[in-house]
Amino acid sequence: MARTWLSIRVELVSGHDGDLWPRPGRVFAAARSHSFAQFATAVDLAFARWDLAHLHLFTLSDGTRVSPLDWWDGEAPDTTVDGHATRLSRLQAGEQFAYVFDMGDEWTHLCTVADRRIDPADELGEIPVLPVPY
């Protein structure tokens, strides 16, 4: 397989009224065909979140907001696109974007797309169905 997957570093910057240093983080392998909703689930599981019922929101470098619209009950922030339908193919090499889990505690993450794509077979020894930390 060719180097077609994204490698995305996710660092937890702040949350629950405090900044974190050093920043805990994970690196994820994700196909460009994966949705932002799938990526959010992978991040939340990798950070050992036990209550996944909280709202979450990505803010891309161009200001676009991405979140599952069905969760907002018609109250999604303006210009928000659906996280189930929007694919990671929107991301560019080197792009940074934010991910917030739980709008109350605001667990804020800085996400950075690596400059080079990866081959999941080489990096992981298999081709995962969903985004995974590695």
Asks: Determine whether more than 12 heavy atoms belonging to other residues, nucleotides or ligands lie under 6.0 Å from atom CG of D73.
Replies: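 No - once you tally the heavy atoms of other residues, nucleotides and ligands closer than 6.0 Å, there are 12 at most.
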Asks: How far apart are the closest heavy atoms of G83 and S35, and which atoms are they?
Replies: O-CB, 3.4 Å
Asks: Any side-chain heavy atom of Q96 sitting closer than 4.5 Å to one from L110?
Replies: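 The answer is yes, as the side chains (C-beta and beyond) meet within the 4.5 Å cut-off.
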Asks: Looking only at heavy atoms, what is the nearest atom pair of P133 and F28, with distance?
Replies: N-CD2, 3.6 Å
Asks: So do F101 and D44 actually touch side chain to side chain, heavy atoms under 4.5 Å?
Replies: yes
Asks: Side-chain heavy atoms under 4.5 angstrom apart, residues restricted to Ile, Leu, Val, Met, Phe, Trp, Tyr: same cluster for V27 and I118?
Replies: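 Both belong to a single hydrophobic cluster.
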Asks: When you compare the side chain of V66 with that of F97, does any pair of heavy atoms fall below 4.5 Å?
Replies: no
Asks: Taking salt bridge (charged side-chain N to carboxylate O under 4.0 Å, His left out) as the cut-off, I'd like each qualifying pair that reaches into residues 9-35, sequence neighbours left out, listed once.
Replies: E11-R23
Asks: Would you say Y134 and S7 make side-chain contact, with heavy atoms under 4.5 Å?
Replies: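 Answer yes - side chains close enough.
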Asks: Do L52 and W71 sit in one hydrophobic cluster, given that two such residues count as connected whenever their side-chain heavy atoms are within less than 4.5 Å of each other, even indirectly?
Replies: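 As far as the 4.5 Å side-chain criterion goes, W71 and L52 are not connected within one cluster.
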Asks: Out of curiosity, does L57 fall in the hydrophobic cluster containing L60 (side-chain heavy atoms, cut-off under 4.5 Å, transitive links)?
Replies: no
Asks: With hydrophobic residues grouped by side-chain heavy-atom distances under 4.5 Å, do V100 and V113 end up in a single group?
Replies: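 Per the 4.5 Å side-chain linkage, V100 and V113 are not co-clustered.
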Asks: Any donor-acceptor pair under 3.5 Å linking the side chain of S33 with the backbone of A31?
Replies: no
Asks: Any side-chain heavy atom of H56 within less than 4.5 Å of one from D102?
Replies: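 The answer is no; the side chains never approach within 4.5 Å.
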Asks: Does some side-chain heavy atom of R90 sit less than 4.5 Å from a side-chain heavy atom of T64?
Replies: yes
Asks: CG of L6 to NE2 of H34: how many Å apart, nearest 0.5 Å?
Replies: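 Going from the CG atom of L6 to the NE2 atom of H34 covers 10.0 Å.
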Asks: Please report the shortest heavy-atom distance between L69 and A76, naming the atom on each side.
Replies: CD2-CB, 3.9 Å
Asks: Heavy atoms only: give me the nearest P128-W5 pair and the separation to one decimal.
Replies: O-CH2, 3.4 Å
Asks: Between I8 and F39, is a side chain to side chain contact (heavy atoms under 4.5 Å, CB included) present by the stated rule, with each step listed?
Replies: CA-CA 10 Å; I8 305 171; F39 184 59; 3.8 Å; yes
Asks: Is there a donor-acceptor pair closer than 3.5 Å between any side-chain N or O of D105 and the backbone N or O of G15?
Replies: no
Asks: For residues L45 and L88: do they belong to one hydrophobic cluster (side chain heavy atoms under 4.5 Å, members Ile, Leu, Val, Met, Phe, Trp, Tyr)?
Replies: no
Asks: Between atom CG of D119 and atom CD1 of I127, what is the distance when rounded to the nearest 0.5 Å?
Replies: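 The CD1 atom of I127 is 6.0 Å from CG of D119, to the nearest 0.5 Å.
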Asks: Is any side-chain heavy atom of W107 closer than 4.5 Å to a side-chain heavy atom of R49?
Replies: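 W107 reaches R49 side chain to side chain.
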Asks: Please round to the nearest 0.5 Å and tell me the distance separating atom NE2 of H84 and atom CZ of F36.
Replies: 13.5 Å
Asks: Could you measure the distance from the CD atom of E123 to the CZ atom of R3? Nearest 0.5 Å is fine.
Replies: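 Separation between the atoms: 6.5 Å.
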Asks: Taking the side chain as C-beta and beyond, is there a heavy-atom pair between H109 and F47 under 4.5 Å?
Replies: yes
Asks: As an exercise, state the distance from OG of S14 to CH2 of W21, rounded to the nearest 0.5 Å.
Replies: 13.0 Å
Asks: Identify the two heavy atoms, one from C111 and one from V10, that lie closest to each other, and give their separation to 0.1 Å.
Replies: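 C111 and V10 have their closest heavy atoms at SG-CG2, 4.0 Å.
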Asks: Between atom CZ of F58 and atom OG1 of T86, what is the distance when rounded to the nearest 0.5 Å?
Replies: 10.5 Å
